[in-house]
Amino acid sequence: MRALLARVDAVLVQALIAAALSFAHLHDLAAAAGQDGWKAWAYPISVDLLLVAAWRRLRTGGGKASSWCWFVIALTASLGANVATAGLLDMTHVPAWLRILVAGWPAIAFLGGTLLAHSVPTTALDNEVRVVESQEEAAEPVSEPPAQLAVEKVPERPAVAVPTALVDHARKVAAEHHTRTGTPIDTPTLRARLGVPAPMAEAIAAQL
């Protein structure tokens, strides 16, 4: 446990020293580029904040391309200030392009910080889409297959051709039956009197 605390303390001390040196280099470069007073102190804060925001977005796993882009921009600004203040740049005669770059940095940092802070990670969007789809599936009623008809369609019997003479004879038989019994002749009786099959008897009875 003590070894772990000692290792963590050493890392923290090293990180604080590196942050302080980088902060000082950025302040000196901003002051040399014409940003005096509180503005020179605000420049290193904006660079470090953009660097931390890009790193946090990389850790969450969302927007890899844009996060790496802003991380490289902030890291380049920090490293550029460290190298420029190491004696490679005349701090009393800063070139015009560097003054323009330092003056335009606030807009760049604001754009990058806004995009990193307000863009939704891809994993969060995927989770929201899954939740919405599951809710829609739960709310959608389950459609049941239509029930099959229990009664099958009875095939129609083919039409039976009845000769005209047989129909005339059946009319006479039916008239004689009605005169004798006082009731219309039924199909079974007609079939028995004529001696024909049941389909033909039904066809004849339909024409009477």
Side-chain angles (χ1 to χ4, degrees), residues 1-140:
M1 185 67 180
R2 291 181 179 179
L4 178 60
L5 291 176
R7 190 162 57 250
V8 172
D9 291 342
V11 172
L12 289 178
V13 171
Q14 183 180 5
L16 290 175
I17 294 174
L21 291 174
S22 179
F23 191 94
H25 292 157
L26 285 167
H27 169 269
D28 295 343
L29 181 63
Q35 307 296 326
D36 53 353
W38 66 270
K39 292 182 289 184
W41 294 103
Y43 272 86
I45 296 176
S46 67
V47 173
D48 292 341
L49 286 180
L50 183 60
L51 193 63
V52 172
W55 176 249
R56 284 178 61 86
R57 178 50 60 88
L58 287 173
R59 292 291 301 273
T60 58
K64 289 288 187 179
S66 61
S67 300
W68 273 113
C69 177
W70 291 111
F71 181 80
V72 171
I73 291 175
L75 185 62
T76 302
S78 180
L79 291 176
N82 296 337
V83 174
T85 55
L88 300 180
L89 179 67
D90 186 0
M91 301 297 290
T92 58
H93 298 86
V94 178
W97 65 266
L98 185 56
R99 292 178 180 271
I100 296 174
L101 184 61
V102 172
W105 172 257
I108 298 175
F110 176 77
L111 177 61
T114 302
L115 293 177
L116 290 173
H118 295 286
S119 60
V120 181
T122 306
T123 54
L125 288 176
D126 293 339
N127 293 334
E128 291 181 1
V129 170
R130 293 192 187 99
V131 171
V132 171
E133 290 179 351
S134 61
Q135 291 177 352
E136 291 179 352
E137 291 178 357
E140 185 177 356

Side-chain heavy-atom pair F23, V47 within 4.5 angstrom cut-off: no
Checking R57 side chain against S67 main chain: does a donor-acceptor pair fall under 3.5 Å? no
Looking at R99, I want to see if its CZ is surrounded by more than 12 non-hydrogen atoms of other residues, nucleotides or ligands under 6.0 Å. yes
Do you know which of L51, V52, I45 makes side chain to side chain contact (heavy atoms under 4.5 Å, CB included) with L49? I45
Please report the shortest heavy-atom distance between Q35 and A40, naming the atom on each side. O-CB, 3.0 Å
Nearest 0.5 Å, what's the CG-CG distance between L116 and L111? 9.0 Å
Heavy-atom closest contact (Y43 atom, A103 atom, distance): OH-CA, 3.8 Å
Compare every heavy atom of A81 with every heavy atom of H25, then report the nearest pair and how far apart it is. CB-O, 3.9 Å
Rounded to the nearest 0.5 Å, how far does CH2 of W105 lie from CG of L29? 11.5 Å
Non-hydrogen atoms of V94 and A33 that approach each other most closely: CG2-N, 4.3 Å
State, yes or no, whether a side-chain contact exists between W55 and L58 at a heavy-atom distance under 4.5 Å. yes
Between G113 and L50 the two heavy atoms that sit nearest each other are N-CD1, 3.7 Å
Side-chain donor or acceptor of S78 paired with backbone N/O of L75 under 3.5 Å: no
